[in-house]
Amino acid sequence: MGCCEVLLKALPRNGQEKVMSLFALVDCNNFYVSCERVFAPHLNHKPVVVLSNNDGCIVARSNEAKALGIQMGAPFYKNKRLIEKQRVRVFSSNYQLYADMSDRVMQAVARHSPNMEVYSIDEAFVDLTGISDPMLWATDLRRKIRQWTGIPVSIGIAPTKTLSKVANQIAKKHTGVFQMDAQSGILQYFPVEEVWGVGRKTAQKLQMMGIRTAKDLQAANPRWIRSFLGVVGERMVHELYGRACLSLEGEVNKKNMVSSRAFGKKLTMLEDIECALSSHIQKVCAKMRAQKGCAQGMMVFLQTNAFSKTDPQYRASRVIGFEGPLSDTVTMIKRGKAILHDLYRLGYAYHKCGVMLLDILPKSQVQLDGLVMVGNDQLMSLMDQVNHHMGPGALFFAATGVQARWQTRCTLRSDRYTTQWAELLQVG
DNA sequence: TCTGGGGTCCTAGGACCC
DNA sequence: TCTGGGGTCCTAGGACCC
């Protein structure tokens, strides 16, 4: 498909009246912080932040923390003094909790929506075409999500996905639900760098062209924008104008899947790195099997800390193809370790390793194509079932190690209230 | 060996998002 | 001392073919 078709597939044909499209964006407010507050209500109205893996960066902030000037993505250590002084409550990431809470919110949205797309862990688009009273629909949904899950959400409603993102930001600052159309005067006050799809580089280019607000971009000639921002830019102009170029996306099967992580501390011994890599392979294989996929190859990488100004630097990676489609963790760990042995060099302080599964096929297609799966599938499916029942990590491979010297830092993590029996919330 | 246009497929890298 | 991890989409350019 050429780029014009990609761009225009959703545009109305000449002379044809198209039914006005209408989208809602349901977005959880400060999602990770809100998850923590559900189980610790005394944190309401207090400044709270949540950190990334390894307690490296700040990835979620309550409104109170934002008001203190704490920036999204800022390194934790650079804000430590401010955080202590202002008594900001700090949490390590608790992804089991956030993923489970996200499921609950998405199920609530699904119950009330004709057609939805889960866009990220804390956002969903809904196609509202045909809903008679969108504001009533949104107000009702917002109340129910709050009641059923404890999570506050904001809902923006508009004729295109891009405009619904704008509407959502307005909703966040005011009453929680906001509807607008392309003629809305608000676009005049909406900075262009906050438009969905405009990042740092694009914002700079637009500024140089004198485009400062969403209104300016909306009024620009799409062809001209295309000449320096490509089809992505042209699409943004149309979307801001109220012509929907983006529709709801169905569930996509991923073609590649990654698991990687910085170690909790520098590692020099091959055996420790083997455990870390095995653990990544175990994790990403389970994720791929949940999608009913199998991989045709893998990439393993190993690297030192690029931020370090004193450590000698080394980074290496290798790709291999399998003899047939594979989803068996046992075989995968063997192959991954073999690569690691080749990549490893003595004398470096390693910082991170990871694995990517490549060219993933649906298992259904493997059978159709007459390809032959390798590895023990029954054992894997049994293991997945047990872990689903008993909680993640109930069964694991010895190759991942039991001491976990490489384990990430997460000393400030709250309990995994909803996924681990031993960590249920205690009352009284 | 050089001449030319038109096409496909693949890969690397940039930009962006959450 | 301490700077996340997992993705998507698009484009340009190279290899190859006729």
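The figures here come from the full heavy-atom set of this structure, side chains too, leaving out hydrogens, waters and symmetry mates. In what follows, every chain begins at residue 1, and chains take the letters A, B, ... in the order their sequences are listed.
You'll find that the side chain of A/A262 is closest to C/dG5, out of C/dG5, C/dG6, C/dT3. Nearest to the side chain of A/K266, among B/dC17, C/dG4, C/dC2, sits C/dC2. Closest to the side chain of A/D122, from the set C/dC10, B/dC18, C/dC2, is B/dC18. Comparing C/dC10, C/dG7, C/dG4 by their closest approach to the side chain of A/S52 singles out C/dG4. Among the nucleotides C/dT3, C/dG5, B/dC18, the one closest to the side chain of A/S260 is C/dG5. Closest to the side chain of A/T202, from the set C/dG7, B/dC16, B/dC17, is B/dC16. Nearest to the side chain of A/C57, among C/dG6, C/dT3, B/dC17, sits C/dT3. Residue A/S259 places its side chain closer to C/dG6 than to any other of C/dG6, B/dC16, C/dC10.
Contact annotation for A/K165: backbone-only contact, meaning every heavy-atom pair under 4.0 Å involves sugar-phosphate atoms and none involves a base. Residue A/S93 is classed as having no contact, given no heavy-atom separation below 4.0 Å to the nucleic acid. Among the protein residues, A/A74 comes within range of no part of the nucleic acid, since none of its heavy atoms lies under 4.0 Å from any strand. Looking at heavy-atom distances under 4.0 Å, A/D55 makes no contact with the nucleic acid at all. Among the protein residues, A/N53 comes within range of the sugar-phosphate backbone only, with heavy atoms under 4.0 Å from sugar or phosphate atoms but none that close to a base. A/F76 comes within 4.0 angstrom of nothing in the nucleic acid, heavy atoms only. Residue A/K265 is out of contact with every strand shown, counting any heavy-atom pair closer than 4.0 Å.
The residue among A/E249 and A/T408 whose nearest nucleotide of DNA chain C lies closer to the 5′ end is A/T408. Ranked by how close their nearest DNA chain C nucleotide is to the 5' end, A/L229 and A/P75 are led by A/P75.
Separating the CG atom of A/L51 from the P atom of C/dG5 is a distance of 13 Å, rounded to the nearest angstrom. When rounded to the nearest whole Å, the span between CG of A/N256 and C1' of C/dG6 equals 12 Å. A straight line from NZ of A/K205 to C1' of B/dC16 spans 12 Å, rounded to a whole angstrom. Rounded to a whole Å, the NZ atom of A/K80 is 11 Å from the P atom of C/dT3. In this entry the distance linking CZ of A/F263 with P of C/dG4 reads 14 Å, nearest Å. The NZ atom of A/K283 sits 10 Å away from the P atom of C/dG7 (whole-angstrom rounding). The separation between A/E123 atom CD and C/dG7 atom P is 17 Å, rounded to whole Å. The separation between A/F125 atom CZ and C/dT8 atom P is 16 Å, rounded to whole Å.
The main-chain N or O of A/G56 is never found under 3.5 Å from a side-chain atom of A/N54 such that the two would form a donor-acceptor pair. Without hydrogens or angle criteria, A/N168 side chain to A/S154 main chain gives a donor-acceptor distance under 3.5 Å. Between the side chain of A/S381 and the backbone N or O of A/D377 there is no donor-acceptor pair closer than 3.5 Å. With hydrogens and angles ignored, the 3.5 Å screen pairs a side-chain donor or acceptor of A/E239 with a backbone N or O of A/L246. Within the 3.5 Å criterion, the main-chain N or O of A/L51 finds no donor-acceptor partner in the side chain of A/D55.
Classification of A/R89 and A/E64 as a salt-bridged pair fails, no side-chain N sitting under 4.0 Å from a carboxylate O.
Looking only at atom types and distance, the side chain of A/D100 has no donor-acceptor partner in the side chain of A/T419 under 3.5 Å away.
Dashed line: the shortest gap from a side-chain N or O of A/K201 to OP1 or OP2 of C/dC10 is not under 4.0 Å. For the OP1/OP2 pair of C/dG6 and a distance below 4.0 Å, the side-chain nitrogens and oxygens of A/R261 include at least one atom meeting the criterion. The side chain of A/S120 contributes no N or O atom lying less than 4.0 Å from OP1 or OP2 of B/dC17. Distances shown here put a side-chain N or O of A/K352 below 4.0 Å from the OP1 or OP2 atom of C/dG5. For A/R409, no side-chain nitrogen or oxygen approaches OP1 or OP2 of C/dT1 to under 4.0 Å.
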Working for side chain to side chain contact (heavy atoms under 4.5 Å, CB included), residues A/Y350 and A/R345: CA-CA 10 Å; A/Y350 293 100; A/R345 300 280 179 278; 3.8 Å; yes
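Both the sub-6.0 Å distance and the 45° axial angle are satisfied by A/K161 relative to the ring of A/F125.
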Intra- and interstrand pairs of DNA chain B - dot-bracket, Watson-Crick/G-U under 3.5 Å, | marks other strand: ....||||||||||||||
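Comparing the C1' positions of B/dG4 and C/dC16 gives a spacing of 16 Å, expressed to the nearest Å.
Ring-centre distance between A/F23 and A/W196: not below the 6.0 Å cut-off.
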